[in-house]
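To start, the structure under review is shown below, and the notes come after it.
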Amino acid sequence: MAESVIVITGASSGIGAATARLMSGLGHPLLLLARRVDRLEQLDLPDTMCRRVDVTDRAAVEQAVHEAEERYGPVEALVNNAGAMLLGRIVDQPVDEWDRMIDLNIKGVLYCTRAVLPGMVARGSGTVINVSSVAGRKTFPNHTAYVATKFAVHALSENLREEVSVKGVRVVTIAPGAVETELLSHTSDEQIKRDYEAWKTSAGGALAPEVVAEAIVYAYRQPPNVTVREIVIAATGQEA
Ligand code: NDP
């Protein structure tokens, strides 16, 4: 029997792209969402629908999920991975950077979840995997607005799990430490970026995105009656 369809947001780079490759290798049809659709298509994965979707656009998310379900059948899992980390100090960080992170890291997660959750609840099965961060559990210098969004991801994931676990839907939180991806590149403060790079180096380097993707797949592949509620995973040398 064909494997069921999995939606992965932010699959055009980093953790999302690595997760897409692994899930595709297991035989799953995929719906991949990101703004750089060319990067999704370059992954060149079989049975994969790539859509240029900004996940802060709820109608576009709903439309893409609808299309994928028409083609592949019900969505069995969602990996809410799209996110941005714009580091800065609250005293002088451009306020639009807070807005971008709140819209993407919180509202994007909620919008994508709503697009698949009613079907999962009705069928009594499904898995929502939210990529939060160690910065969703503890604070770091220059991370205030980002940390606020990732604490929100932890909180909404736990509360969602309480809401839907009795319906047979699993909710998993993945909390990585530093991972070597494009994430830092979007921070506008050059000194903060340099300091962060130095911190990663002093920790002996960040995780490879494939390591986090393996953790996501591990949680997903548990039997339906087993929920891995949270995985916290970081480079051994990362002390904070
Ligand atoms: P990347 O920057 O490599 O990937 C981010 C992904 O999100 C890209 O595919 C990007 O695609 C997508 N994205 C950004 N904005 C939008 C949007 N508005 N709509 C749809 N997709 C969007 O970083 P990572 O792989 O590191 O990040 C993945 C997740 O992991 C994030 O939630 C991040 O917070 C989390 N994380 C990362 C850590 C790290 O150190 N790297 C540590 C802990 C957590 P596109 O630009 O094409 O839209």
Side-chain angles (χ1 to χ4, degrees), residues 7-22 30-43 50-61 64-65 78-87 96-97 99-113 115 129-140 143 145-154 156-157 172-187 193 196-197 199-201 203 205-213 215-216 230-235 237-238 240:
V7 181
I8 304 172
T9 71
S12 60
S13 67
I15 296 167
T19 305
R21 287 194 195 92
L22 278 185
L30 302 176
L31 169 62
L32 304 182
L33 305 180
R35 295 164 306 172
R36 292 170 297 173
V37 74
D38 51 319
R39 296 272 295 259
L40 300 176
E41 285 162 356
Q42 281 162 18
L43 291 172
C50 301
R51 289 291 175 268
R52 182 193 309 277
V53 168
D54 181 330
V55 297
T56 68
D57 178 347
R58 191 159 76 85
V61 169
V65 168
L78 163 67
V79 183
N80 262 319
N81 165 76
M85 179 180 77
L86 308 171
L87 301 182
D96 77 288
E97 296 188 356
D99 294 338
R100 280 162 56 197
M101 286 191 286
I102 289 166
D103 286 348
L104 173 59
N105 298 0
I106 305 176
K107 290 164 77 176
V109 168
L110 289 169
Y111 291 165
C112 293
T113 302
I129 299 174
N130 293 335
V131 180
S132 183
S133 174
V134 170
R137 315 175 89 245
K138 64 198 290 291
T139 59
F140 292 86
H143 277 57
Y146 179 68
V147 153
T149 66
K150 289 300 187 179
F151 270 63
V153 175
H154 261 76
L156 73 86
S157 302
V172 177
T173 306
I174 304 289
V179 186
E180 204 53 65
T181 67
E182 297 175 13
L183 195 72
L184 179 66
S185 65
H186 307 294
T187 287
K193 269 202 284 208
Y196 191 93
E197 287 291 358
W199 171 72
K200 275 196 308 195
T201 304
L207 292 179
E210 290 74 19
V211 172
V212 182
I216 290 170
E230 181 174 1
I231 295 178
V232 186
I233 182 168
Q238 180 179 327

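Because the structure is predicted, anything quoted here is derived from the model rather than measured. Heavy-atom basis, side chains included; hydrogens, waters and symmetry copies ignored. One-based numbering, in listed order, for ligands and for the atoms of each.
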| message | Has Arg51 got a side-chain atom pairing as donor or acceptor with Ala64's backbone, closer than 3.5 angstrom? | response | no
| Is a salt bridge present between Arg36 and Glu182, judged by a nitrogen-to-oxygen distance below 4.0 Å? | yes
| Protein contact of atom 23 (O) of ligand 1 - nearest heavy atom, named by residue and atom, plus distance | Thr181 OG1, 3.3 Å
| Asp103 versus Thr56, side-chain donor and acceptor atoms under 3.5 Å | no
| Backbone of Ala178 reached by a side-chain donor or acceptor of Lys200 within 3.5 Å | no
| task | Could you find the nearest protein heavy atom to atom 40 (O) of ligand 1 and give me its residue, atom name and distance? | result | Val179 N, 2.7 Å
| Top protein contact for atom 22 (C) of ligand 1, by heavy-atom distance | Ala82 CB, 3.8 Å
| request: Provide the closest heavy-atom pair for Gly83 versus Leu104 in the form atom of the first, atom of the second, distance. | output: C-CD2, 3.5 Å
| task | Examine the proximity of ligand 1 to Ser132 and report which part, side chain or backbone, both or neither, has a heavy atom under 4.0 Å away. | result | backbone
| Residue Gly14 vicinity, atoms of ligand 1 by number, heavy atom under 4.0 Å | 3 (O), 25 (O)
| task | Identify the protein heavy atom lying closest to atom 1 (P) of ligand 1, giving its residue, its atom name and the separation to 0.1 Å. | result | Ser13 OG, 3.4 Å
| query | Is the shortest distance from a heavy atom of Ala84 to ligand 1 less than 4.0 Å? | reply | no
| Close-contact set for ligand 1 against Ala11 heavy atoms, below 4.0 Å | 9 (O)
| task | Would you mind listing which atoms of ligand 1 come within a distance below 4.0 Å of any non-hydrogen atom of Asp54? | result | 17 (C), 18 (N), 19 (N)
| request: Check whether any N or O atom of Arg35, backbone or side chain, sits under 3.5 Å from an N or O atom of ligand 1, and answer yes or no. | output: yes
| note | Closest to atom 47 (O) of ligand 1 (heavy atoms only, candidates Glu180, Arg36, Met85) is Arg36
| field | Nearest protein heavy atom with distance in Å, relative to atom 42 (C) of ligand 1 | value | Gly177 O, 3.0 Å
| Just heavy atoms, cut-off under 4.0 Å: does Tyr146 contact ligand 1 by side chain, backbone, both, or neither? | side chain
| message | Walk me through whether Val79 and Val131 qualify under side chain to side chain contact (heavy atoms under 4.5 Å, CB included). | response | CA-CA 7 Å; Val79 183; Val131 180; 4.3 Å; yes
| message | Does Ile174 form a side chain to side chain contact (heavy atoms under 4.5 Å, CB included) with Asn130? I'd like the steps, not just the answer. | response | CA-CA 6 Å; Ile174 304 289; Asn130 293 335; over 6 Å; no
| field | Contact with ligand 1 for Thr9, non-hydrogen, under 4.0 angstrom | value | no
| field | Donor-acceptor under 3.5 Å (Asn81 side chain, Gly10 main chain) | value | yes
| Within the side chain of Thr187, is there an N or O that forms a donor-acceptor pair under 3.5 Å with the backbone of Leu87? | yes
| query | Could you walk me through whether Leu183 and Val179 pass the side chain to side chain contact (heavy atoms under 4.5 Å, CB included) check? | reply | CA-CA 8 Å; Leu183 195 72; Val179 186; over 6 Å; no
| remark: Taking only non-hydrogen atoms of Val131 and a 4.0 Å limit, the atoms of ligand 1 in range are 29 (C), 30 (O), 32 (O), 35 (C)
| Ala206 near ligand 1 by a heavy-atom separation under 4.0 Å | no
| task | Classify the contact between Lys150 and ligand 1 as side chain, backbone, both or neither, using a heavy-atom distance cut-off of under 4.0 Å. | result | side chain
| With atoms numbered from 1 as shown, which atoms in ligand 1 lie under 4.0 angstrom from a non-hydrogen atom of Ala178? | 40 (O)
| request: Count the heavy atoms of every other residue, nucleotide or ligand shown that sit under 6.0 Å from NZ of Lys193, and state whether that count exceeds 12. | output: yes
| request: Consider every N or O of Val55 and every N or O of ligand 1, then say whether any pair is closer than 3.5 Å. | output: yes
| said: Treating Lys150 as the side-chain partner and Asn105 as the backbone partner, does any N or O pair qualify as donor plus acceptor under 3.5 Å? | reply: no
| request: Determine, step by step, whether Leu86 and Arg100 satisfy the side chain to side chain contact (heavy atoms under 4.5 Å, CB included) criterion, reporting the C-alpha distance in whole Å, the side-chain angles of both residues, the deciding distance to 0.1 Å, and the verdict. | output: CA-CA 9 Å; Leu86 308 171; Arg100 280 162 56 197; 3.8 Å; yes
| For atom 31 (C) of ligand 1, the protein heavy atom that lies nearest, with its residue and separation | Asn81 O, 3.2 Å
| message | Check this for me - ligand 1, Gly10, N or O atoms closer than 3.5 angstrom, yes or no? | response | yes
| request: Please indicate whether any nitrogen or oxygen in Ile15 is less than 3.5 Å from any nitrogen or oxygen in ligand 1. | output: yes
| field | Identity of the nearest option to atom 11 (O) of ligand 1, non-hydrogen atoms only, from Ser12, Gly83, Ala135 | value | Ser12
| query | What are the atoms of ligand 1, with element, lying closer than 4.0 Å to any heavy atom of Leu183? | reply | 1 (P), 2 (O), 23 (O), 26 (O), 27 (O), 33 (C), 37 (C), 38 (C), 39 (C), 41 (N)
| message | Using a 4.0 Å cut-off to any heavy atom of Pro176, which atoms of ligand 1 qualify? | response | 42 (C), 43 (C), 44 (C)
| query | Which of the atoms in ligand 1, numbered in the order shown and given with their element, are less than 4.0 Å from a heavy-atom of Val53? | reply | 19 (N), 20 (C)
| field | Ser132 versus His154, side-chain donor and acceptor atoms under 3.5 Å | value | yes
| task | Is it possible for you to check whether Lys138 lies under 6.0 Å from the centre of the six-membered ring of Phe140, through NZ or CZ, and within 45° of that ring's axis? | result | yes
